[in-house]
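Written below as structure tokens is the structure these notes are about.
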Number of protein chains: 2
Amino acid sequence: MEKLRSNIEEVTPVSDGEMAFIHSFFSLKKVRRYQYLVQEGDDVPYEYLALSGIYRVYYLADDGKEHIVKFAEENCWMSDYKAFFKHDRASMFIECMEAGEVLCLTLYGREQLSAELHKMEHFFKVRLTNEYVALEERVKQLLSNTARQRYEAFLKSHPGLLQRIPKKVVAAYLGVCRETLSRLYLSC
Amino acid sequence: MEKLRSNIEEVTPVSDGEMAFIHSFFSLKKVRRYQYLVQEGDDVPYEYLALSGIYRVYYLADDGKEHIVKFAEENCWMSDYKAFFKHDRASMFIECMEAGEVLCLTLYGREQLSAELHKMEHFFKVRLTNEYVALEERVKQLLSNTARQRYEAFLKSHPGLLQRIPKKVVAAYLGVCRETLSRLYLSC
DNA sequence: GCCGGGTTGTGACATTTATCACACCACATT
DNA sequence: AATGTGGTGTGATAAATGTCACAACCCGGC
């Protein structure tokens, strides 16, 4: 609960009473390694706040290759938002790479919270704009940076992660093949 | 005003009275070819709804190359949202490529509208989630598709646009050089 | 201890794309 | 008509990256 609170208070302060109310909309879920929170074709009833663990949000391209949209570590929100917001089937997978816990929030819970507490409406709006801006950065990154520049940016934005997960997964995030990534960090 | 109304009513119906109220928050601006709505370093007081004309949202990479984040035609909203939402200086340019008219809305006006009319708050939220999902699609596009696939997707998503603007601009959107684009559409 | 599967590095080669150079064309100006 | 400018196609070449193959390694299960 403290982690949820500190996450919210990055945007807006909340009282103890409000916090208890907010917390009641979330359910806790323990997640094992290799467990999926979302699989392609699923309904997506929740968005998730990672309390611990490492997760990857990815999809399968037509040619069968995996491409990773984002990594989520502690304090990150994640879902297949397209499906979540539009009550559609998932086009992506969310897989746990290191066991941990997540908090689950339904779209209905989200709307209830927004309606009851104006500051939560504000919180969700700020979070969405932040996610939007982050995605825009990722587009810029992919458009104008070389594989090496993207690799170096990844090291900065995800310190230590390279050591904890398979390199082919990092390659799928950067948009290069495993071998190219391998050759990138020896020439440094 | 009718174009603004139909844009809003893609999400939610509004009465004549509401529409007049909403409209009062917007200002109309005529835009000439080559005119900038936003330039790098500017404050970004507005977001814009294109009523007519063609606009490009782009930025300059470190090596001086232009990269286009999106094209906006009739019925598209645009701004440098990072700067707009966070009261920061623009990191992007918005240039008019075919003369037209835009409606301008300040962040303050946006918040006033949201506070006064709950359906407008909803409208802005839906719009932001749609923009978010669209960006996510663009990330997927850049991650998993070849230059040729991106070219073909561009033809579908922006019918007729290729004929109306310089090819090098399209190339800057697709993330390839001018010559590569030139070679793409002869091998079709 | 031994085996088998997955991960990683690395070389050889193919493919894709960028870069550079140049010619041609449309168009506006003088 | 002469001129200049920007857009466009195209060839030659270089650079980046992907593909394929293989060997070394780690690690867990038996």
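Just so we're on the same page: letters track the sequence lines, and every chain starts at 1. We use all heavy atoms of the structure for the numbers below, so side chains are in, but hydrogens, waters and symmetry mates are not.
- Rounded to whole Å, atom P of C:dT7 lies 10 Å from atom CD of A:Glu66.
- Nearer the 5' end of DNA chain D, as judged by each residue's closest nucleotide, is the contact made by B:Thr180, out of B:Thr180 and A:Thr180.
- Nearest heavy atom pair, residue B:Ala83 against residue B:Val44, reads CB-CG2, 3.6 Å.
- When the P atom of D:dA21 is taken as reference, atom CD of A:Glu179 falls 12 Å away, rounded to whole Å.
- The listed nucleotides are D:dA21, D:dT17, C:dA21; the one nearest the side chain of A:Arg178 is D:dA21.
- When distances run from any side-chain atom of B:Ser182 to the nucleotides D:dT19, D:dA21, D:dT10, the shortest one goes to D:dT10.
- Between the P atom of C:dT8 and the CG atom of A:Leu181 lies a distance of 9 Å, rounded to the nearest Å.
- In this entry the distance linking NZ of A:Lys168 with C1' of C:dG9 reads 16 Å, nearest Å.
- When distances are taken from the side chain of A:Lys167 to each of C:dA18, C:dT8, D:dG9, the shortest belongs to C:dT8.
- With rounding to the nearest 0.5 angstrom, the CZ atom of B:Arg5 is 11.5 Å from the NE2 atom of B:His23.
- The distance between atom CD of A:Gln163 and atom P of C:dT7, rounded to the nearest whole Å, is 17 Å.
- Taking atom OH of residue B:Tyr151 and atom C1' of nucleotide C:dT16, one finds them 18 Å apart after rounding to whole Å.
- B:Tyr173 and B:His158 have their aromatic ring centers within a separation under 6.0 angstrom.
- Between A:Arg150 atom CZ and D:dT17 atom P the separation is 8 Å, expressed in whole Å.
- If you check C:dT8, D:dG9, C:dT19 against the side chain of A:Tyr185, the one that comes closest is C:dT8.
- The nucleotide whose nearest atom lies closest to any side-chain atom of A:Cys177 is, among D:dG7, D:dG18, C:dA18, D:dG18.
- Using cut-offs of 30° and 60° for the angle between ring planes, the A:Phe93 and A:Tyr58 rings count as parallel.
- In this structure, the CG atom of A:Leu162 is 9 Å from the P atom of C:dG9, given to the nearest Å.
- The side chain of B:Arg183 has C:dT19 as its nearest neighbour among D:dG18, C:dT19, D:dA21.
- Classified by interplanar angle (parallel below 30°, tilted 30° to 60°, perpendicular above 60°), the ring pair B:Phe84/B:Tyr81 is perpendicular.
- You'll find that the side chain of B:Ala147 is closest to C:dT17, out of D:dG18, C:dT8, C:dT17.
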